[in-house]
Amino acid sequence: MVLKDKEEQIPQKNRAYRDSFKFAFMGIRTAFHEERNMRVHVLTGVAVLMIGLVLPMTRAEWLWLILVSYLVFVMELINTVVENVVDLVTEEYHPIAKKVKDMAAAVVLVTASFAALVGAIILLPKILQILM
């Protein structure tokens, strides 16, 4: 009987496989709606990929642009998770909480800088060639 009481208190895992997808998409939607930087990164990535559609691109160039776009998206999701967990466990200002949040933001900055560098290496020569 005691064991049954404990089972009732523990949240159950997703019973249907599709529920995992449903909750994952809810997480993406929540991050997109609640995080301004997520919207900026996603819209920037979409813009870069749209520019790529009008430029002559090799398969390797497409792969690089898609890779760095997704990396920024993933890092922004991780940053959002870290910030929410820190907010969940700390109710008042703590210098270590600030360090954790700053470092999570730095991960996004470094990844976005890498994405910008890759985008510049691939796209700028093509754009300049069109303009010249």
Side-chain angles (χ1 to χ4, degrees):
M1 194 62 147
V2 173
L3 183 59
K4 187 173 182 177
D5 290 340
K6 286 185 179 180
E7 286 179 4
E8 291 174 8
Q9 295 173 357
I10 299 172
Q12 294 185 1
K13 286 274 202 180
N14 304 332
R15 293 191 181 214
Y17 191 67
R18 71 181 192 288
D19 287 345
S20 297
F21 285 102
K22 180 178 83 173
F23 295 132
F25 284 117
M26 285 174 52
I28 291 170
R29 187 178 68 203
T30 300
F32 190 80
H33 286 291
E34 294 182 4
E35 297 295 325
R36 180 194 69 228
N37 289 343
M38 176 64 77
R39 291 188 298 274
V40 169
H41 289 302
V42 168
L43 293 175
T44 302
V46 168
V48 166
L49 295 176
M50 297 292 277
I51 291 169
L53 289 173
V54 298
L55 297 174
M57 303 266 290
T58 67
R59 183 180 303 206
E61 290 169 332
W62 271 115
L63 289 173
W64 275 103
L65 287 180
I66 292 168
L67 172 68
V68 295
S69 296
Y70 270 88
L71 276 176
V72 173
F73 178 67
V74 169
M75 294 305 152
E76 187 63 51
L77 280 173
I78 291 170
N79 177 50
T80 300
V81 168
V82 169
E83 288 182 350
N84 280 287
V85 170
V86 169
D87 290 343
L88 180 67
V89 299
T90 59
E91 292 185 12
E92 55 192 50
Y93 175 82
H94 194 285
I96 294 175
K98 181 187 181 326
K99 284 183 186 180
V100 169
K101 285 181 156 189
D102 289 350
M103 287 185 269
V107 169
V108 179
L109 177 63
V110 169
T111 307
S113 299
F114 175 61
L117 179 63
V118 169
I121 290 170
I122 293 172
L123 298 176
L124 278 181
K126 295 174 185 305
I127 292 169
L128 292 175
Q129 186 177 22
I130 291 171
L131 294 175
M132 296 297 173

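Fair warning: this is a prediction, and the values are worked out from it, not measured in the lab.
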Taking every non-hydrogen atom, the tightest pair across [X] and [Y]:
X	Y	result
Ala115	Val72	CB-CG2, 3.7 Å
Leu53	Trp62	N-CH2, 3.7 Å
Ala120	Pro125	O-CD, 3.5 Å
Met57	Leu65	CE-CD1, 3.0 Å
His33	Arg39	O-NH1, 2.9 Å

Starting from [Y], can I reach [X] by hopping between I/L/V/M/F/W/Y residues whose side chains sit under 4.5 Å apart?
X	Y	answer
Val110	Phe114	no
Val68	Ile127	yes
Met50	Ile122	yes
Val46	Leu55	yes
Val86	Ile96	yes

[atom2] on [Y] to [atom1] on [X], rounded to 0.5 Å:
X	Y	atom1	atom2	value
Asn79	His41	CG	NE2	8.5 Å
Leu71	Ile66	CG	CD1	12.0 Å
Thr44	Asn37	OG1	CG	10.0 Å
Phe23	Met26	CZ	CE	6.0 Å
Met103	Leu109	CE	CG	14.5 Å
Thr30	Leu77	OG1	CG	10.5 Å

May I ask you to check whether over 12 heavy atoms, not counting those of Leu43, lie within 6.0 Å of atom CG?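 Atom CG in Leu43 is packed in, count exceeds 12.
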Heavy atoms of other groups near Tyr93 OH, more than 12 under 6.0 Å: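 Yes - once you tally the heavy atoms of other residues, nucleotides and ligands closer than 6.0 Å, there are more than 12.
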Check step by step if side chain to side chain contact (heavy atoms under 4.5 Å, CB included) holds for Glu34 and Thr80. CA-CA 10 Å; Glu34 294 182 4; Thr80 300; over 6 Å; no
Mind checking whether Ile51 and Lys126 have side chains closer than 4.5 Å, heavy atoms only?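 With C-beta onward as the side chain, the pair stays apart.
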